[in-house]
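A quick write-up on the structure given underneath.
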Amino acid sequence: MTTPPWFDEVRSWLPADGDPARPLIALSTVAPDGYPDTRHVLLSDFDEQGFFFHTDARSRKLTELRAAPRASFAIAWPELRRQLVVVGDTESASAEEATTAYQRRSYYLQVLAWLNDAEFARLDPAEGARRWAEFEAAHPYGTLTPPATWAGIRIAPTRVTLWHGHPDTASRRTEYTLVDGDWHTSTLPG
């Protein structure tokens with residue numbers, strides 16, 4: 001497979017996959033009532049085939065993606081006058097990829113993957129802190145593996161839009177659209 005025309009610029013905008021400072025993306029899925037459902041998640045990884053995020057398999061977003069396997073996300077860097085928007089089809093990541101992403105997460109996020117469920121959310125904050133501390137004491141740093149509920153999703157892009165702001169002239173968007181296996185490029189007003 002050839003490298004998509006958008007990939008090199010996106011790679012220059014995003015931190016390397018091993019960088020622990022993962023950006024937050026505004027992820028949108030389609031709810032059963034047909035309305036978009038948006039929330040922020042960490043972008044875990046990316047490559048020429050797509051963009052990965054990881055979440056709890058019991059989450060609303062995964063339920064929505066099972067019913068309608070399409071999503072979009074946006075990330076903005078106002079200070080750099082940049083914005084990236086991706087639209088695409090979704091699929092489950094491999095178990096190996098999901099495990100690698102889990103191992104790259106901070107210890108806090110690894111623990112969160114184990115404890116962050118509806119029951120824990122309903123706990124009084126003091127009780128939640130007590131249970132969190134007990135879990136950490138029983139599972140020291142470096143000993144955790146992904147819980148069975150850990151799920152990875154790849155968004156395989158069908159459209160990638162890069163917005164470039166310019167302080168002294170009009171902004172513009174470069175849009176790449178996948179049509180019958182080929183990428184087509186358009187320059188659009190900002």
Side-chain angles (χ1 to χ4, degrees), residues 1-31 35-77 80 82-106 109-110 112-113 145-164 173-188:
M1 177 178 207
T2 61
T3 301
W6 49 264
F7 183 73
D8 288 336
E9 187 165 10
V10 168
R11 182 174 49 198
S12 74
W13 287 12
L14 293 172
D17 287 345
D19 188 330
R22 304 312 308 150
L24 277 177
I25 60 174
L27 174 73
S28 294
T29 55
V30 180
Y35 284 97
D37 192 2
T38 304
R39 78 289 280 154
H40 286 87
V41 298
L42 289 176
L43 179 66
S44 299
D45 294 311
F46 65 96
D47 61 22
E48 290 92 340
Q49 285 77 48
F51 300 85
F52 296 86
F53 71 91
H54 296 79
T55 190
D56 191 299
R58 301 166 293 186
S59 68
R60 186 172 71 208
K61 63 185 131 338
L62 267 279
T63 300
E64 292 170 352
L65 288 174
R66 284 189 283 273
R70 293 184 172 157
S72 66
F73 75 81
I75 181 171
W77 299 268
L80 299 174
R82 295 179 183 165
Q83 179 176 236
L84 169 65
V85 178
V86 174
V87 175
D89 299 310
T90 62
E91 64 185 26
S92 295
S94 70
E96 179 182 348
E97 188 282 331
T99 298
T100 298
Y102 182 82
Q103 292 168 343
R104 288 181 181 161
R105 293 285 168 105
S106 68
L109 292 175
Q110 289 179 354
L112 185 66
T145 58
T149 56
W150 178 252
I153 298 294
R154 178 173 70 119
I155 301 172
T158 57
R159 187 174 72 226
V160 175
T161 307
L162 298 132
W163 178 84
H164 302 86
R173 292 174 292 146
T174 306
E175 190 163 86
Y176 303 92
T177 306
L178 188 62
V179 178
D180 297 326
D182 293 319
W183 287 100
H184 298 267
T185 306
S186 303
T187 301
L188 307 168

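The model shown is predicted, which means the values in this text are computed figures rather than measured ones. What you see below is based on every heavy atom in this structure, not just the backbone, and it leaves out hydrogens, waters and symmetry mates.
- Checking side-chain atoms of Ser59 against main-chain N and O of Thr55 turns up no donor-acceptor pair under 3.5 Å.
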Under 3.5 Å donor-acceptor pairs involving side-chain atoms of residues 145-153, not counting sequence neighbours:
residue, atom, partner, partner atom, Å
Trp150, NE1, Ala98, O, 2.9

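- Taking the six-membered ring where the residue is Trp, Phe46 and Phe51 present parallel rings, their angle staying beneath 30° rather than reaching 60°.
- Residues meeting the salt bridge (Lys or Arg N to Asp or Glu O under 4.0 Å) test with Arg58, sequence neighbours left out: Asp56.
- By the salt bridge (Lys or Arg N to Asp or Glu O under 4.0 Å) test, Arg66 pairs with no residue at all, sequence neighbours left out.
- No salt bridge links Arg22 with Asp45; every basic N to acidic carboxylate O contact stays at or beyond 4.0 Å.
- When all heavy atoms are compared, the tightest approach of Tyr176 to Trp183 is O-CZ3, 3.4 Å.
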Could you check Thr174 against His164 for side-chain contact (heavy atoms from CB on, under 4.5 Å), going step by step and ending with a plain yes or no?
-> CA-CA 8 Å; Thr174 306; His164 302 86; 3.8 Å; yes

Evaluate the side chain to side chain donor-acceptor pair (under 3.5 Å) criterion for residues Arg39 and Thr29: first the C-alpha distance (whole Å), next the side-chain angles of each, then the deciding distance (0.1 Å), finally the verdict.
-> CA-CA 9 Å; Arg39 78 289 280 154; Thr29 55; 3.1 Å; yes

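- Checking Ser44 against His54 by side-chain atom types alone, a donor-acceptor pair falls below 3.5 Å.
- Of all heavy-atom pairs spanning Ala71 and Leu27, the tightest one is CB-CD1, 4.0 Å.
- Distance alone, capped at 3.5 Å, places no donor-acceptor pair between the Gln83 side chain and the Ala74 backbone.
- For residues 151-164, the salt bridge (Lys or Arg N to Asp or Glu O under 4.0 Å) pairs, not counting sequence neighbours, are Glu91-Arg154, Arg159-Glu175.
- The backbone N or O of Gln110 lies less than 3.5 Å from a partner atom in the side chain of Tyr102, making a donor-acceptor pair.
- Nearest heavy atoms, Gly50 versus Pro157: CA-CD, 3.7 Å.
- Closest non-hydrogen pair, Pro23 versus Ile75, comes out as CB-CD1, 3.2 Å.
- Checked against the 6.0 Å centroid threshold, Trp6 and His184 do not count as a close aromatic pair.
- Nearest approach of Leu62 to Ala57, heavy atoms of both residues: CB-O, 3.7 Å.
- No side-chain donor-acceptor contact under 3.5 Å links Thr90 to the backbone of Ile155.
- Look at Lys61 and Asp37 and you find no salt bridge, because none of the NZ, NE, NH1 or NH2 atoms lies under 4.0 Å from a carboxylate O.
- With sequence neighbours left out, the ring-ring contact (aromatic ring centres under 6.0 Å, His included) criterion links Trp163 to no other residue.
- Residues satisfying the salt bridge (Lys or Arg N to Asp or Glu O under 4.0 Å) criterion with Asp89, sequence neighbours excluded, are Arg70.
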